Amino acid sequence: MGAIRRIGSMQDSAHAALLPPAYDPAAVEQKIYAFWERSGCFTAGRDPGKTPFAIVMPPPNVTGSLHLGHAWNNTLQDIIIRYKRMAGFDALYLPGTDHAGIATQTRVEKTLREESGLSRYDLGREAFVERVWAWKHRFGNLITNQIRALGASCDWSRERFTLDEGLSRAVRKVFVDLYREGLIYRGQRIINWCPRCATALSDIEVEHSEVQGTLYYVRYPLVNGEGEVVVATTRPETMFADVAVAVHPDDDRYQKMVGKRLRLPLTDREIPVIADSYVDPEYGSGCVKITPAHDPNDFEVGLRHQLEMPQCIGPDGRLTAWAGPYQGLTREAARAQVAADLAAQGYMVKEEALTHAVGHCSRCETVVEPYLSEQWFVRMQPLAEPALAALARGELRFIPDRFEKVFVHWLENVRDWCISRQLWWGHRIPAWYCTDCGGVTAAVDEPQRCEHCGSERIHQDEDVLDTWFSSALWPFSTLGWPDETGDYARYYPTHALVTAYDILFFWVARMVFTGLKFTGRMPFREVVVHGLIRAADGRKMSKSLGNGVDPLEVIDRYGADALRFTLTTGTSPGNDQRFAFEKVEGSRHFINKVWNAARFVLMNVPEGTELPALDRSRWELPERWILHRLNETIDAVTRYLDRYEFGEAGRVIYDFAWDDFCDWYIEFSKLALYGDDEARKQQVRAVLVCVLDTLLRLLHPFIPFVTEEIWQSLPLPGEALVTAAWPRVQPEWDHPAAAREAAAVMELVRAVRNLRAELNLPPSRAVPLVVHAQDDAWQTLFAANAAAIRRFCNVSTWQLTLAGEAPAQAVSAVTSGAQVYLPLAGVVDVATELERLRKEQVRLASELERAEKKLANPQFVAKAPAAVVAAEQAKADDFRTKLAALAARMELFRRV
RNA sequence: GCGGCUGUAGCUCAGAGGGAGAGCACCACCUUGACACGGUGGGGGCCACAGGUUCGAUUCCUGUCAGCCGCACCA
């Protein structure tokens, strides 16, 4: 990043002590993001020698605003990208936005209506589309700026929009190629129609939800007056488009009816009784009215029996001329009216309450109308099959893997995809119709003449493509495909795709089969699936409930890092999480803790300090232990990140930072820093800086802002943390013995603190401490750490010997390697002390019993791994030693 | 109907074939020279239930119950 130097922040203060004791994210986040962007460190491809690693961002709606789902999704992606960047990859995080056909068009139409009372038709297509573009230019960078506020390290120089010229060309090419191969066709079919949006929808844009309805049993009399059939229907208003009544061919009750003619009530029309095995004789009356234009199953029946397909409901959801006097009524009004009239005229046999699932528009919740119309479709089976085969070959990994099953099931049962939308905002279908020969010309570039007859009298299809049609190409269209660009060659296939499970079918499946079809490869190797974010009470966040939380508000109040850390530690693979402000508060506290640990280090490493190299020979127990723990932490975080276990990774560093570094090591370090051994002081400073440096690196992908801010203040080479190297385990830091020894020292300290607390001794009161070490080795250890023990426990006089005569008037505890006594004449109550010891004895005895029982089991000794048996043996020994000491102690007390 | 997820401390949730964990909340004490967005100590759980596999199950398998979510739906 050449000319860009560090931002200059903490180190500008005269002294770290002048830094505010509470971290203020608002003061630094924008400055740091600007620094990152300016430095070019997010731009991929600057070092061709590095291995590429690419993630494409799931494009949010260009005129939408960030919600917590986006925040979560982008945080996880950014963690991966930042980690990979630090680990030496040429990391590309490709951002962009989606034109979101229906949503955006609806939004602009609404404003138009509010501002001028005009509809899009009043304006005309061209003017309206212009308006949408104006809207896009006005609000289009809102969401991308919000993604910046979150800290996402996107390569903005490669930002894409689904309606960009390049991407549009990719869309047209895919359409034309599929059309020529017969994989896209146009046909008269029943599709899902939203009367409010006035457009066709694909199957997955329909949400089925249970509705309380009525099953009407209606008499259809025979024309000859010799009887009747009773049909059951939930939609009597469609009867004007009935063309038959079907019964099962084997249904004895109705066999004689087949072929007879019925008179349709409320009309003068006659319709036949037909036989079709689609009818379930068990359900309802066993007679089904057939309405091919208004029901997908009836449509199939209609095709089989070559029936007419009249429509009695129009695209606006109102009854048509076919409904005679009912024309113009809405579906709902017509249903009520028809039911009432049928009843009044004696056709209604009965009405039964019925709950059934009804399709609703996923966008506006209007009841979807199965509607017969001419639409464009993608033939799915030939595309799904190669995808299934590739999945079976293991070319795509789902994390967690259970989502593969859902995915496969969907692909196995997928139906043709309706891709035409009766909208104006989107990619216009690249198909032209010839007025003369009626032929269709599909072309990437606007054709001058019909490719069938050469006529120039051609006009383009009015409709646009489903937005997901362009999203399906996103991983390669954004990289330049169909051109063989450098980016496409270098970054495609991308590596990981991070997404919530709710768009697996909408988006992931479609990228998979178009990717395979057009690039010959899976567009990504791994799909990292996360869940949905819910309100604190577990309900979905929604506009109607008013329980949505604006991530920008969270960022304002707590900082982007706190939001990120909350979302990250709340992640468990594939599962939903609940959002609560208390959690964000917890994250903010953690960030503040890190901030203050840094303040401590800086205050003790004055400007200009020349830090010595780490020198293992000069380390004492705290240094050996903390670096050993740091190694374990580096290893764990790296492994968890490699497995996309974000929550666990975050938790592991949290524990290290707070418990090990802050609570213990910093406290240990004070002994040296406030002492007067200059050489040791320098070594401890070096260790402090090293641990803090490493900790910041490990934390950076999770909480990038605060870590960058702190890191640039440290006396270290390098310009920015964002491009610093990811830590590696240092074999020379490994020190299992130190881990055990430190554990014993800490256990001793805790035991003394516990005694003090139980005696209600205020921390300010120094107490005498007697320690009896179990053997020479333990004695050496405790002697070496006497200063720490004395400081941590506020000890006045200190006596460390090998086990010997115990002070009588004392409270005591048994720890690994030692017995500790607080000889406090007058404070000790023999009865309470005995009771305390007895409770401890009971606890230890039960532990020992458990261990001994295990060890006494020959099967356990024979079959369990040796290490497990040895560990159990060691535990038992430890318990026995402690119990013996305890028994001796109690004996002494009884004699007093 | 088919498939999946969840059930662990008061709450929110991790976890893992071998001594039950965190955060918040709670109790007690503490303005110690990084931090009260803090420190120290503490209480609290037959890990939903019943079987099975195993030397050993809270963890793996089967079933039951409860909550949730997909997919498919017959009017």
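These figures come from a predicted structure and were not determined experimentally. Note: hydrogens, waters and symmetry copies are ignored here, and every other heavy atom, side chains too, is used. Every chain is numbered from 1, with letters handed out A, B, ... down the list of sequences.
Look at CD on A:E585: it is 8 Å from C1' on B:C37, rounded to the nearest Å. One interatomic measurement links the two molecules: CG of A:D663 to C1' of B:U40, which rounds to 10 Å at whole-angstrom precision. Atom pair A:D576:CG and B:G7:C1' shows a separation of 15 Å (rounding to whole Å applied). Taking atom CG of residue A:N754 and atom C1' of nucleotide B:G42, one finds them 8 Å apart after rounding to whole Å. Across the protein-nucleic acid pair, A:L411 atom CG and B:C71 atom C1' stand 13 Å apart, rounded to whole Å. Atom CG in A:N596 sits about 10 Å away from atom P in B:G38, given to the nearest Å. Per the geometry, CG belonging to A:D502 stands 15 Å off C1' belonging to B:G4, to the nearest Å. Atoms CZ (A:R843) and C1' (B:G42) sit 14 Å apart, rounded to a whole Å.
Base engagement by A:I666 is indicated by at least one non-hydrogen atom pair under 4.0 Å involving a base atom. Using a 4.0 Å heavy-atom cutoff across all strands shown, A:R750 reaches sugar-phosphate atoms only and no base atom. Residue A:P858 is out of contact with every strand shown, counting any heavy-atom pair closer than 4.0 Å. When heavy atoms are screened at a 4.0 angstrom cut-off, A:Y674 is found touching base atoms of the nucleic acid. Residue A:E758 is out of contact with every strand shown, counting any heavy-atom pair closer than 4.0 Å. Among the atoms of the strands shown, base atoms are found under 4.0 Å from some heavy atom of A:E667. If you check every strand for non-hydrogen atoms under 4.0 Å, A:K670 touches a base. Across all strands, A:C287 comes closer than 4.0 Å to no nucleic acid atom at all (heavy-atom distances). Among the protein residues, A:R578 comes within range of the sugar-phosphate backbone only, with heavy atoms under 4.0 Å from sugar or phosphate atoms but none that close to a base. Across all strands shown, A:A580 has no heavy atoms under 4.0 Å from either base or sugar-phosphate atoms. Using a 4.0 Å heavy-atom distance criterion, A:N413 is classed as making no nucleic acid contact.
One finds no side-chain N or O of A:W410 lying less than 4.0 angstrom from the OP1 or OP2 phosphate oxygen of B:G4. One finds no side-chain N or O of A:K540 lying less than 4.0 angstrom from the OP1 or OP2 phosphate oxygen of B:C68. Under 4.0 angstrom from either OP1 or OP2 of B:C55 there lies no side-chain N or O belonging to A:K854. OP1 or OP2 of B:A14 sits under 4.0 Å from a side-chain N or O of A:S572.
At a cut-off of 3.5 angstrom, counting only N and O atoms as typed in the model, there is no donor on one side facing an acceptor on the other between the side-chain of A:E645 and the base of B:A14. A donor-acceptor contact under 3.5 angstrom links the side-chain atoms of A:K593 to the base of B:C35.
With distances taken from any side-chain atom of A:L215 to the nucleotides B:C55, B:U12, B:A75, the minimum falls on B:A75. In this structure, of B:A75, B:A72, B:A34, it is B:A34 that holds the atom nearest to the side chain of A:M603. Proximity note for A:H589 (side chain, C-beta onward) versus B:G38, B:C69, B:C55: the nearest is B:G38. Among the nucleotides B:G18, B:C37, B:U12, the one closest to the side chain of A:N592 is B:C37. Which of B:U12, B:U40, B:A34 sits closest to the side chain of A:R753 comes down to B:U40.
In this structure, A:F702 has its ring center at least 6.0 angstrom away from the ring center of A:F646.
Checked by atom type, the side-chain pair A:W664/A:D659 shows no donor-acceptor distance below 3.5 Å.
Salt bridge status for A:E667 with A:K670: present, with a side-chain N to carboxylate O gap under 4.0 Å. Using a 4.0 Å cut-off between charged side-chain N and carboxylate O, A:E585 and A:R557 make no salt bridge. Electrostatic pairing of A:E847 and A:K875 does not count as a salt bridge here, judged by no charged N lying under 4.0 Å from a carboxylate O. A:R836 has no carboxylate O lying under 4.0 Å from a charged side-chain N of A:E840, or vice versa, which leaves the two without a salt bridge.
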For A:Y501 and A:D576, run side-chain hydrogen bond (donor to acceptor under 3.5 Å, both in side chains): C-alpha distance rounded to whole Å, both residues' side-chain angles, the deciding distance at 0.1 Å, then the answer. CA-CA 10 Å; A:Y501 59 72; A:D576 292 353; 2.8 Å; yes
